[in-house]
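First comes the structure, then the notes that go with it.
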Protein chains: 4
Amino acid sequence: MNDPVITPNTDKRALILDGAERVFVARGFAAARVEDIAEEAGVAKGTIYLYFASKQEVFVSLIEVRAQELVLSLQNQLFEIQSAALVLKSLVRIKVEFYLKHLGLIDQAFQWAPQLEQELQARLIVSRSSIAEASTHHLSKFIPAAFPVSMLVVTGVIDGAVNGIVLNAIEAQEVIDAEKIAEDVVFLLLPGMLQR
Amino acid sequence: MNDPVITPNTDKRALILDGAERVFVARGFAAARVEDIAEEAGVAKGTIYLYFASKQEVFVSLIEVRAQELVLSLQNQLFEIQSAALVLKSLVRIKVEFYLKHLGLIDQAFQWAPQLEQELQARLIVSRSSIAEASTHHLSKFIPAAFPVSMLVVTGVIDGAVNGIVLNAIEAQEVIDAEKIAEDVVFLLLPGMLQR
Amino acid sequence: MNDPVITPNTDKRALILDGAERVFVARGFAAARVEDIAEEAGVAKGTIYLYFASKQEVFVSLIEVRAQELVLSLQNQLFEIQSAALVLKSLVRIKVEFYLKHLGLIDQAFQWAPQLEQELQARLIVSRSSIAEASTHHLSKFIPAAFPVSMLVVTGVIDGAVNGIVLNAIEAQEVIDAEKIAEDVVFLLLPGMLQR
Amino acid sequence: MNDPVITPNTDKRALILDGAERVFVARGFAAARVEDIAEEAGVAKGTIYLYFASKQEVFVSLIEVRAQELVLSLQNQLFEIQSAALVLKSLVRIKVEFYLKHLGLIDQAFQWAPQLEQELQARLIVSRSSIAEASTHHLSKFIPAAFPVSMLVVTGVIDGAVNGIVLNAIEAQEVIDAEKIAEDVVFLLLPGMLQR
DNA sequence: TATGAATGAGTGTTCATTCAT
DNA sequence: TATGAATGAACACTCATTCAT
């Protein structure tokens, strides 16, 4: 009942990943210095190597954690929604919110893959797949059996649309409203998806 | 009829940019070594610095050249098309073909912008704008005046859709058919775009 | 009486400067490789950059430290000397000793100034001024008020004479005796300086 | 009598050396780029290598030519002067004038020697000796046989004095009057030199 | 002779990783 | 565990020299 010592976020791993995310997002993987990550996380440079084998491993671990969070988000919020429109809208809203919160981290992550060691690349792919599956799972329930466009293309369009819209909006320095974007995407895509 | 002196591709600038493209695409800007670019281009390291001031300048120049090529492609092929469906389809096909030919170079370029010098960043932005404008120009003719979704969102969806589809297909190691993808996108997007 | 921890010369900055001095003196600033300095100092190349921002900064810092040492030497040893002959003799002896110890480092330093960054050039000038001032201060007390030759010329002659004699002696591979040189300079210059 | 084609200074060797002097004086040997020398001389980079084996050889050749000029100057102007005061004064004046015309080139040249190849170092030493000999020759006639200070020291003082005075004056941004400097040096040194 | 495009060895600097404390 | 000083491999860029024209 009483917990005299508040351990504020004492999980060092999470602490380091939080710092790392800020640096990776601001500079990209290649330009992010381990020293920056340490400073941002409030630990010494050496400490990072107690929890992670390398800078690459920090990066991949971060992606894994964030991907897991997104997957949980999708599972929790898309569960039990009954209409195609609402699933699509919620899916887009969640992705936009996630994109804004993590500033495109995941979506950009895969550009760095070629520079990572084989094993770490594999871990990235697993994360990517788990996200794709979570998105596809709820969506596929509403796609007609004989739909002439493959699910791979459908999810590609949706994911890409989110990225494209947000990137354009950031470029144009517009205020980003996840709800509004979700409505726009439903407006544009739903008619096509319900055809036949 | 007779062309006594064969200039085998003697434009060194273009030669270097071609080599650079292969290296940038394979490794990304940060991991691309100038030495690799030189080797790929078949020139010595020092030669690169006769034609470009820095590695950064090689990168930006490459983007500029490719952007210009894409813009010309769009202008030539979208000119005089009369139906919305055909414009959309052609637009997507051209972008997919370009994406495949240059392996996402341009679409990935902007990730590196923050690491470039101010002046070079500005040059990137100009290139980006010229592409956006070329895409928007022909498309906007078919969008109803009171369309409830902004052009920025529409183009974001189209561009993003292209990227998303192609990335998914590459990931799944599928054969990519630009024509088929263009048809899929028209199928999914056109109904939404012609509403009201 | 007991000094449990022996700090073998642990001031890394001084250690590096000592190594740097040997290399700069032997090769000159431009031809001195940072790698050589590191090796001479017994540290790794990267270590130098923990203590100095650049090779240029190593050089200027070295000059500053040596100039400071020379100024202290002059202040300590010229203080309270009452005769012109002794001041002149001591001044020359100290400069010759310093020249031999540091092999003309300071006197050659200013040749490199144009190649240094503005701010570092300024630091060199400050060092040069502090030496000039220390020399002039004690000497000027013995120069008649209406002396027809300016102090700038007098100090120029003395400094130059030291350099000239030592260079000639080194060139001729003679053994250099600071005391003897000081006496010679007094013999040659004092009559002229006490005229009128 | 008529010389229709004026060959302005068509001796390419001399042309190159003139350009080289300006660059060496402005930047020092190490920082002087062959490209700069070529540009300054108005020839192509490759042309320099038709007349000189290397950048080092350009430098040493330049010193040799200038040293020869100085030696001729001394021989011509000191010849037949009968008084010690006038010899000393002329010697100093000629050296100051030479120093100003060539901006300390020769006097700084020997600092670069360690970076040169053995054979070129030897050529530098020969030049240095020829100057020293020319200076000493006329001066020694007026030094008493049993003078307690060696000629090496005397010439060192004179040469050094010239350098020291000019350097101080340049540093202080004073106008430099070779005649006045010569008088000052005579004033300061002659009494000491005529002792006993 | 003269040119200047091309070369590639050489160097200052950065930064991921280690390890003594 | 935690630290941060030390390391040295790696890389962008320069420039003396060469050589095809």
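Since this is a predicted model, take the numbers as computed values, not measurements. Below, chains carry the letters A, B, ... as their sequence lines are ordered, and counting in each starts from 1.
A 4.5 Å side-chain heavy-atom check between A:Glu21 and A:Arg66 finds at least one atom pair inside the cut-off. Side-chain contact between B:Leu116 and B:Phe59 is present, with heavy atoms from C-beta onward closer than 4.5 Å.
To the nearest angstrom, P of E:dG12 lies 12 Å from CD of C:Gln115. Between the CZ atom of C:Phe24 and the P atom of E:dG12 there is a distance of 9 Å, given to the nearest Å. If you measure from atom CG of C:Leu50 to atom P of F:dT3, you get 18 Å, rounded to the nearest angstrom. For C:Glu39 and F:dA6, the CD to P distance is 18 Å, given to the nearest whole Å. Rounded to an integer number of Å, the gap from CD1 of A:Ile37 to P of E:dC15 is 12 Å. The nearest whole Å value for the distance from the CG atom in B:Asp36 to the C1' atom in F:dA10 is 12 Å. To the nearest angstrom, C1' of F:dA2 lies 13 Å from CG of A:Leu15.
D:Tyr51 comes within 4.0 angstrom of the backbone, heavy atoms only, and of no base.
In the set F:dG4, F:dA6, F:dT1, F:dG4 carries the atom at the smallest distance from any side-chain atom of A:Ala44.
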Quick one: which protein N/O atoms are closer than 3.5 Å to N/O atoms of nucleotides 13-17 of chain F? Pair and distance per line, please.
residue: F:dC13; atom: OP2; partner: B:Tyr49; partner atom: OH; Å: 2.9
residue: F:dC13; atom: OP2; partner: B:Lys55; partner atom: N; Å: 3.0
residue: F:dC13; atom: N4; partner: B:Lys45; partner atom: NZ; Å: 2.3
residue: F:dC15; atom: OP2; partner: D:Arg33; partner atom: NE; Å: 3.1
residue: F:dA16; atom: OP1; partner: D:Ala32; partner atom: O; Å: 3.4
residue: F:dA16; atom: OP1; partner: D:Lys55; partner atom: NZ; Å: 3.3
residue: F:dA16; atom: OP2; partner: D:Val34; partner atom: N; Å: 2.8
residue: F:dT17; atom: OP2; partner: D:Tyr49; partner atom: OH; Å: 2.9
residue: F:dT17; atom: OP2; partner: D:Lys55; partner atom: N; Å: 3.0
residue: F:dT17; atom: O4; partner: D:Lys45; partner atom: NZ; Å: 3.0

Practice problem: Kindly express the pairing pattern of DNA chain F in dot-bracket notation, using | wherever a base pairs with another strand and counting only Watson-Crick or G-U pairs under 3.5 Å. | Solution: .||||||||||||||||||||

